[in-house]
Number of protein chains: 2
Amino acid sequence: MPRELRTAISELALADRILPVAAAMFRRLGYARTSTRELANRLGIQTGSLYHYIRGKEDLLFQICSSALTHIEEAVRKATAGVPVERKLEVAIKRHLISALTDSDSHATMLMELRALSAERKAAVIRQRDQYEELIRTIIEESQAAGVVRADIEAKYLTLSLLNMLNWSIFWFDPDGPLTENELATVMTTVFLDGASAKRRGPASRLE
Amino acid sequence: MPRELRTAISELALADRILPVAAAMFRRLGYARTSTRELANRLGIQTGSLYHYIRGKEDLLFQICSSALTHIEEAVRKATAGVPVERKLEVAIKRHLISALTDSDSHATMLMELRALSAERKAAVIRQRDQYEELIRTIIEESQAAGVVRADIEAKYLTLSLLNMLNWSIFWFDPDGPLTENELATVMTTVFLDGASAKRRGPASRLE
DNA sequence: GTCTATACTTCGATAGAC
DNA sequence: GTCTATCGAAGTATAGAC
């Protein structure tokens, strides 16, 4: 989470601080090792008071996972609506990365702590995740049909390879580092679409 | 872990079953939620007996993380030694994927549960991980110097993008699914080197 | 080398006063 | 809406018999 957002949390009402603070702790320590005592402590209240806002610790995890997926799906869907097929995938990649890196505590938690949910809630989050994957896969299939993306690899594996590359970057991207989110998005768009090979490069590089 | 290996574990001596069984549980439940009681149960012994073999639960996590990295580094180093620079990166990608997918419980644990280690042991594993990353980055830098890999993106980011793509596949690759480890390695080599774009494809596709 | 028994800690959640 | 106090469950690890 960027610094401006981080400090802003301390000015929110208690009820609105719970989820982001929990997400930051889940990301850092993991769900299982994050105690409600320590969470309450960071919120400046006692453990008992926390249960005025939530029914159980698992509620927090579920809401974090679910809203992370809701937000990224909505962001990518809106950003790509009406975009011509030649540029749709690029736009989706950039929007995905921006969304995941901006809301990185929630996304990291969703990616790493999903298994801590109860069976039913885990299934619900996995359905959401599959639905988002389908959005990306559909964009790739449209791109293949339009001749923009290679068709000799199944859309399923192109989608998974792409999401691998994008999602894992949450765990090493440094918002205060040398690359902005936009620049990383450009790098990954270039790698995914044009490849790392030096051969057969066209004249219009994405990097210039 | 492939089925042949899975069944073979039950025929090992107790001392040799502890780490693989622990790795499978850590992967499935996470380190924090894996109890020594249940681990002992799966090994067919009592909790107390486990402490004849280990000094503490954390020992298991450390050994799993450390040996996963030792093995993959050795495998990639050996496989790429003496290979001409034009093919070195391809060989490294394939060997990395085969190693990670074969030893997937350990690798998944290393990737997801590292933060559960004590500060000193975590630092030691991170050093090992950085060293392995450096091996891959060096191969990419050599490839750039030889004109095989594009030089307009820093080797650092090419390395991270590649490792993102390769590592995360542990979490969805199905050894009993339609693709073999080798086929997935071919797909990812192609995506990473040639890109997903349909434009400017050369005549010698890796997929034929 | 494996067992039983248990000491000690920490946790999630609740009860009930204010 | 926040507090204090505490219950009951579960965990890691150890002690000591066999």
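Protein chains get the first letters and strands the later ones, always in sequence-line order, with residue 1 at the start of each.
For A:H96, the ring pair (Phe, Tyr, Trp, His ring centres under 6.0 Å) criterion is met by A:Y132, not counting sequence neighbours.
Remark: C1' of D:dT2 and CD1 of A:I18 are 12 Å apart, rounded to the nearest angstrom. Between the P atom of C:dT2 and the CG atom of B:N41 lies a distance of 15 Å, rounded to the nearest Å. Rounded to an integer number of Å, the gap from B:L29 CG to D:dA10 P is 15 Å. At whole-Å resolution of the value, CG in A:L50 and C1' in D:dT2 are 12 Å apart. Summarising the geometry, the separation between CG on B:L43 and C1' on C:dC3 is reported as 16 Å, rounded to the nearest angstrom. To the nearest angstrom, C1' of C:dG1 lies 5 Å from NE2 of B:H52.
In this structure, the nucleotide among C:dG1, C:dC3, D:dC3 sitting nearest to the side chain of A:I45 is D:dC3.
Put simply, B:Q46 has no side-chain N or O that comes within less than 4.0 Å of OP1 or OP2 on C:dT2.
Ring-plane geometry between B:F171 and A:W168 is classed as parallel, the angle between the planes falling under 30 degrees on a 0 to 90 degree scale with a further cut at 60.
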Checklist entry - B:K57 and B:L50: side chain to side chain contact (heavy atoms under 4.5 Å, CB included), yes or no, with the steps? => result CA-CA 9 Å; B:K57 184 181 160 186; B:L50 192 55; over 6 Å; no
Checklist outcome for this item: Going 5' to 3' through nucleotides 11-18 of chain D and flagging B where a protein heavy-atom sits under 4.0 Å of the base, S where only the sugar-phosphate is that close, and - otherwise, we get BBBB----
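Ion pairing of A:R137 with A:D130 is absent here, as no side-chain N (NZ or NE/NH1/NH2) approaches a carboxylate O to less than 4.0 Å.
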Under 3.5 Å, which donor-acceptor pairs link side chains of residues 86-94 of chain A to any protein atom two or more places apart or in another chain?
residue: A:K88; atom: NZ; partner: A:E142; partner atom: OE1; Å: 3.4
residue: A:E90; atom: OE2; partner: A:R206; partner atom: NH1; Å: 3.3

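For A:T102 and A:E181, the side-chain atoms include no donor-acceptor pair closer than 3.5 Å.
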